[in-house]
Amino acid sequence: MASRTVDLVAIGPPPTDPFAPAARAWALARALVRRGDRVSVLYPEGPEGDRVPEGVTALPIAVPLRRPGTPFADAEFAGVVGRRLHREAALVLREPAGLGALGVRGPRLIVFAHGAEFLEFDAAAGGGAFLDRLDRWRDRRSLHRLERAALSEAEAIFCDGPALLETLQTEYGLPRERMRVSLPPVPDLPAGPSRAEARGSLGIPPDVPAVVVPAFSDRAEENGLALAREAFGRIRALFPGVRLILVGATATAEPGTVGLPRRDGSSFALAFSAADVALVIPTRTGFDPAAVFAMRAGCATIAAATVVLPAVPEGAVRVPVSADAGDVASVLAELVADPAACRELGARGRKYAQGFDPERTLAEVDAALGGR
């Protein structure tokens, strides 16, 4: 394919945290550069991020915000950035879809929807006085209008799952032929060290099983860390020497536990390289990139029912029957006790995780554009 000029509209600078929402856009930017495209990423000016990927042009845009910290700030950004898109751009990607139209006229526009803004607004709304409710009603109407505008101008809308596609199509009357179900792009972690090197740096003997618990945020209570520690405590007596690696959140020091509180790609890559089993058990329901990171690294992955993974094939992950520590410990013990089953599960998970590669996303974009 001939080189194109591509503008990518993101919500922030390149993050150090691979779980940050802006990480998806920058993962697509890297993949576009690898394909030979000329890529510019436009995002709101603000705190400095990580190093800009080689070959990508970063264009922070100053936006005078009237309602900072609200969803409407994204619409204000869209109104400004739309006038900064390159005239020679053949393609514009907006990740995520956001609020408000860019006003794209020449280039072809693709947007990525990972949720419905109006539903999130409804979930956050509560009771209150009449005037408060009236203000919320007005905000919801405005948000509804702006989300429709962001989606309606796109040539193709990529949705994380069929339920989201159905919701957006029903709510906004969008043409079905412009909508597609697609796995969200998940960024690659930096190349991790070898298993021996990773274990040596963490002080883990080479011949003991290790379990990693990756935190999707720095709030320990949202990541199920208490449940993970309790389940781990139940199997320690059965498997002397077993280690628990907690990465991405601050955790209390306990016997057999290794803590890696930093939230950067290298720390997560180190933890996955050292582990045999990954325990992904957040308390909130939704898609969790941690499961994909773990499977890519070849870890046998246990994912709670709260982890929304689309179209998981049989045998790619293990799901405990409940969030009870005993049920989680039971699945964990089965894998720790059977290295062969652990390796088989890891191999199947690695194959499934290929669907989240940014290069696969770009191939679907090409298909949506008719190969152009």
Side-chain angles (χ1 to χ4, degrees), residues 5-34 37-86 89 92-100 102 111-112 114-115 117 150 184-192 214-220 222-223 247-250 259-272 288-290 292-293 358 361:
T5 296
V6 180
D7 281 348
L8 203 161
V9 180
I11 58 175
T16 56
D17 185 348
F19 289 80
R24 293 185 298 250
W26 290 92
L28 290 175
R30 291 184 182 90
L32 285 163
V33 168
R34 287 194 292 268
D37 290 322
R38 299 178 297 277
V39 183
S40 297
V41 180
L42 300 88
Y43 57 92
E45 189 177 67
E48 186 175 349
D50 199 6
R51 183 173 59 87
V52 175
E54 186 176 353
V56 177
T57 299
L59 296 175
I61 307 296
V63 183
L65 299 178
R66 295 189 301 274
R67 300 181 66 178
T70 71
F72 299 99
D74 187 52
E76 295 173 21
F77 169 64
V80 174
V81 77
R83 298 190 292 271
R84 298 288 301 274
L85 298 173
H86 293 93
V92 176
L93 303 179
R94 189 175 183 185
E95 168 45 86
L99 296 177
L102 298 174
V111 303
F112 298 88
H114 306 294
E117 293 280 0
V186 174
D188 291 317
L189 295 178
F216 78 90
S217 78
D218 57 5
R219 296 178 292 277
E222 294 183 346
N223 294 285
V247 56
T250 302
L260 290 172
R262 292 186 59 182
R263 298 195 55 78
D264 59 75
S266 296
S267 294
F268 283 102
L270 172 65
F272 289 125
D288 192 335
V292 177
F293 292 142
T361 302

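Computed from heavy atoms alone, side chains included, the values below leave out hydrogens, waters and symmetry copies. In this text the structure is predicted, and so the values were computed from the model without any measurement.
Looking at every heavy atom in both residues, A78 comes nearest to G100 through CB-O, 3.7 Å. The minimum heavy-atom distance linking G98 with A150 is given by the pair O-CB, 3.4 Å. For L59 against H86, the heavy-atom pair with the smallest separation is CD1-CE1, 3.5 Å. Taking each heavy atom of A22 and P13 in turn, the nearest pair found is CB-O, 4.0 Å. A pairwise comparison of heavy atoms in L8 and A29 identifies CD1-N, 3.7 Å as the closest pair. Here the closest non-hydrogen pair linking A269 and P190 is CB-O, 3.4 Å.
Not a single donor-acceptor pair under 3.5 Å links the side chain of D7 to the backbone N or O of V92. The closest donor-acceptor contact from the side chain of N223 to the backbone of A249 lies at 3.5 Å or more, if one exists at all.
The structure places CZ of F293 at 4.5 Å from CG of L189, a figure rounded to the nearest 0.5 Å. In this structure, the separation between CG on L102 and CZ on R83 is 11.0 Å, given to the nearest 0.5 Å. Rounded to the nearest 0.5 angstrom, L270 CG and D264 CG are separated by 9.5 Å. Distance check: L99 CG to D74 CG gives 5.5 Å after rounding to the nearest 0.5 Å. One distance of note links CG of L93 with CZ of R24; it measures 13.5 Å at 0.5 Å rounding.
Under 4.0 Å is where a charged nitrogen must lie from a carboxylate oxygen, and between D17 and R262 no such pair does.
Within the 4.5 Å cutoff, no side-chain heavy atoms of V33 are placed close to those of P53. Within the 4.5 Å cutoff, side-chain heavy atoms of P184 are placed close to those of H114. At least one side-chain heavy atom of V56 sits under 4.5 Å from a side-chain heavy atom of W26. You'll find the side chain of R38 stays beyond 4.5 Å of the side chain of V6, heavy atoms only.
Residue-environment remark: CZ (R84) stays at or below the threshold of 12 foreign heavy atoms within 6.0 Å.
Each of L32, T57, T5 was compared with V39 under the side-chain contact (heavy atoms from CB on, under 4.5 Å) criterion, and only L32 meets it.
F272 pairs by the ring-ring contact (aromatic ring centres under 6.0 Å, His included) definition with nothing, not counting sequence neighbours. Listed by chain and residue number, nothing satisfies the ring-ring contact (aromatic ring centres under 6.0 Å, His included) test with F216 (two or more places apart in sequence, or in another chain).
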Verify side-chain contact (heavy atoms from CB on, under 4.5 Å) between L260 and F268, making sure each step is shown before the conclusion. CA-CA 8 Å; L260 290 172; F268 283 102; over 6 Å; no
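The cationic group of R263 lies under 6.0 Å from the six-membered ring centre of F19 and within 45° of the ring axis, placing it in a cation-pi geometry.
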Can you give me every donor-acceptor pair (side chain of residues 40-50, partner residue at least two apart or in another chain, under 3.5 Å) with its distance?
none

